[in-house]
Amino acid sequence: MMTVPKVIDIESIYKTYKNEGLETEVLKGISISVGEGDYISIVGPSGAGKSTLMTILGCLGQATSGTYLLDGEEVGELNDRQLSRIRNEKIGFVFQAFHLLPGVSAFDNVMMPLVYCNKTPKGADERVERALDRVGLGHRMGHTPGQLSGGEQQRVTIARSLINDPKIILADEPTGNLDSKNGAEIMTTFDQLNSEGRTIIVITHDTVVAEHARRILTLRDGQIVSDRINETFQKS
Ligand code: ADP
């Protein structure tokens, strides 16, 4: 059998928040292995630790203990500069709140992660155009967020997440601010990105959204209580 390379391998991850002398243990020994090109949803009730797990998977915060191999690199040994490098290279983020700059065109919003590099790379304009075409917004490049629907704004953020060609897309409640029709369109976009080989991880409390994934993990009280293959998954 062919073995699929792992893009994410976390082992016994614990996370404890310390505030004003109070310690709250939020993640209690999480181990997850994600093969390249997989499509995973993480579900669980509010307070289960989903967002905390997302910040760790996204290298936005460090675990209290445990190991995290991201595309073969041990994240726990990286300094802040190396963390932001690996984050920019490997991971595209999509959040519930779109975090787009208001009054700025879709084109410039998608360009934003490239502007953070020291100098805008060669071919940046074409990359932005391709990313916006990819999400069906090639005809809306000059529109500002205020001139776009919620679903279109979320597609701009997906285009922005793709701009550095990351192996992994991490989405936290990506349909949370959308009606069901726009939400379904966003999920279709993720389905297509996955069928092209991109690894997708979606955190959601919505079972309809979760059922798009090939594998569904349930988090409860900081632990994974179920890890199942979705029998209804169909590669698009
Ligand atoms: P979910 O995304 O599943 O709703 P979270 O990861 O947001 O869960 O939160 C899990 C638990 O961790 C909650 O009890 C929450 O109050 C606590 N928590 C989250 N962030 C912090 C923080 N920065 N400091 C202290 N406690 C936190």
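As a basis for the values below, the full set of heavy atoms in this structure was taken, side chains included, without hydrogen atoms, waters or symmetry mates. Numbering starts at 1 and runs along the sequence shown. Here the structure is a predicted model, which is why all the values come from computation and not from measurement. Just follow the structure's listing: the first ligand is 1, and inside any ligand the first atom is 1.
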A.B. asks: From atom 3 (O) of ligand 1, work out which of K15, E23, R220, K50 has a heavy atom at the shortest distance.
C.D. replies: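 When every heavy atom of K15, E23, R220, K50 is considered, K50 comes closest to atom 3 (O) of ligand 1.
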
A.B. asks: Taking only heavy atoms of P45, which atoms of ligand 1 are found under 4.0 Å from at least one of them?
C.D. replies: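 Checking each atom against P45, I get 3 (O).
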
A.B. asks: Out of V26, L219, T52, L27, indicate the one that has the non-hydrogen atom closest to atom 12 (O) of ligand 1.
C.D. replies: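 Among V26, L219, T52, L27, the closest heavy atom to atom 12 (O) of ligand 1 comes from V26.
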
A.B. asks: If you measure from the Lys or Arg side-chain nitrogens to the Asp or Glu carboxylate oxygens, is any gap between R198 and D165 under 4.0 Å?
C.D. replies: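 Result for this pair is yes, salt bridge flagged.
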
A.B. asks: Between F93 and F95, what is the ring plane arrangement, given parallel below 30°, perpendicular above 60°, and tilted in between?
C.D. replies: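 Plane angle under 30°, so parallel.
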
A.B. asks: Please test N164 against E89 for side chain to side chain contact (heavy atoms under 4.5 Å, CB included), starting from the C-alpha separation and ending with a verdict.
C.D. replies: CA-CA 6 Å; N164 282 321; E89 268 178 29; over 6 Å; no

A.B. asks: Main chain of D206, side chain of T204: is a donor-acceptor contact present, judged purely on distance under 3.5 Å?
C.D. replies: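 Side chain of T204 to backbone of D206: a pair is present.
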
A.B. asks: Just to confirm, does any protein heavy atom lie below 4.0 Å from atom 21 (C) of ligand 1?
C.D. replies: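 It does: a protein heavy atom is found less than 4.0 Å away from atom 21 (C) of ligand 1.
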
A.B. asks: What part of N19 sits under 4.0 Å from ligand 1 if we count only heavy atoms: the side chain, the backbone, both or neither?
C.D. replies: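 Near ligand 1, N19 shows its side chain, while the N, CA, C and O stay back.
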
A.B. asks: Is any side-chain heavy atom of I30 closer than 4.5 Å to one of I56?
C.D. replies: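 No, their side chains stay 4.5 Å or more apart.
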
A.B. asks: Under 4.0 Å from atom 16 (O) of ligand 1, is there at least one protein heavy atom?
C.D. replies: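 It does not; no protein heavy atom is within 4.0 Å.
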
A.B. asks: Provide the number and element of each atom of ligand 1 under 4.0 Å from a heavy atom of S46.
C.D. replies: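 Ligand 1 atoms under the 4.0 Å threshold to S46: 4 (O).
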
A.B. asks: Salt bridge check: are E173 and K50 linked by an N-O gap of less than 4.0 Å?
C.D. replies: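 No salt bridge links E173 with K50.
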
A.B. asks: Below 4.0 angstrom from a heavy atom of G49, which ligand 1 atoms are there? Numbered from 1 as shown, please.
C.D. replies: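 Taking each heavy atom of G49 in turn, ligand 1 has 1 (P), 3 (O), 5 (P), 6 (O), 8 (O), 10 (C) under 4.0 Å.
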
A.B. asks: Does G47, backbone or side chain, put an N or O under 3.5 Å from an N or O of ligand 1?
C.D. replies: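 Yes: some nitrogen or oxygen of G47 is under 3.5 Å from one in ligand 1.
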
A.B. asks: Report the nearest protein non-hydrogen atom to atom 27 (C) of ligand 1: residue, atom name, distance rounded to 0.1 Å.
C.D. replies: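 Result for atom 27 (C) of ligand 1: Y17 CD1, 3.3 Å.
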
A.B. asks: Contact between R160 and H99 at the side-chain level, heavy atoms closer than 4.5 Å - yes or no?
C.D. replies: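 They are in side-chain contact.
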
A.B. asks: Salt bridge or not for R130 and E126, using N-O below 4.0 Å?
C.D. replies: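 Looking at E126 together with R130, the answer is no, because their closest N to O distance does not fall below 4.0 Å.
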
A.B. asks: If you measure every N/O of S51 against every N/O of ligand 1, is any gap under 3.5 Å?
C.D. replies: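 Min N/O separation from ligand 1 is below 3.5 Å for S51.
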
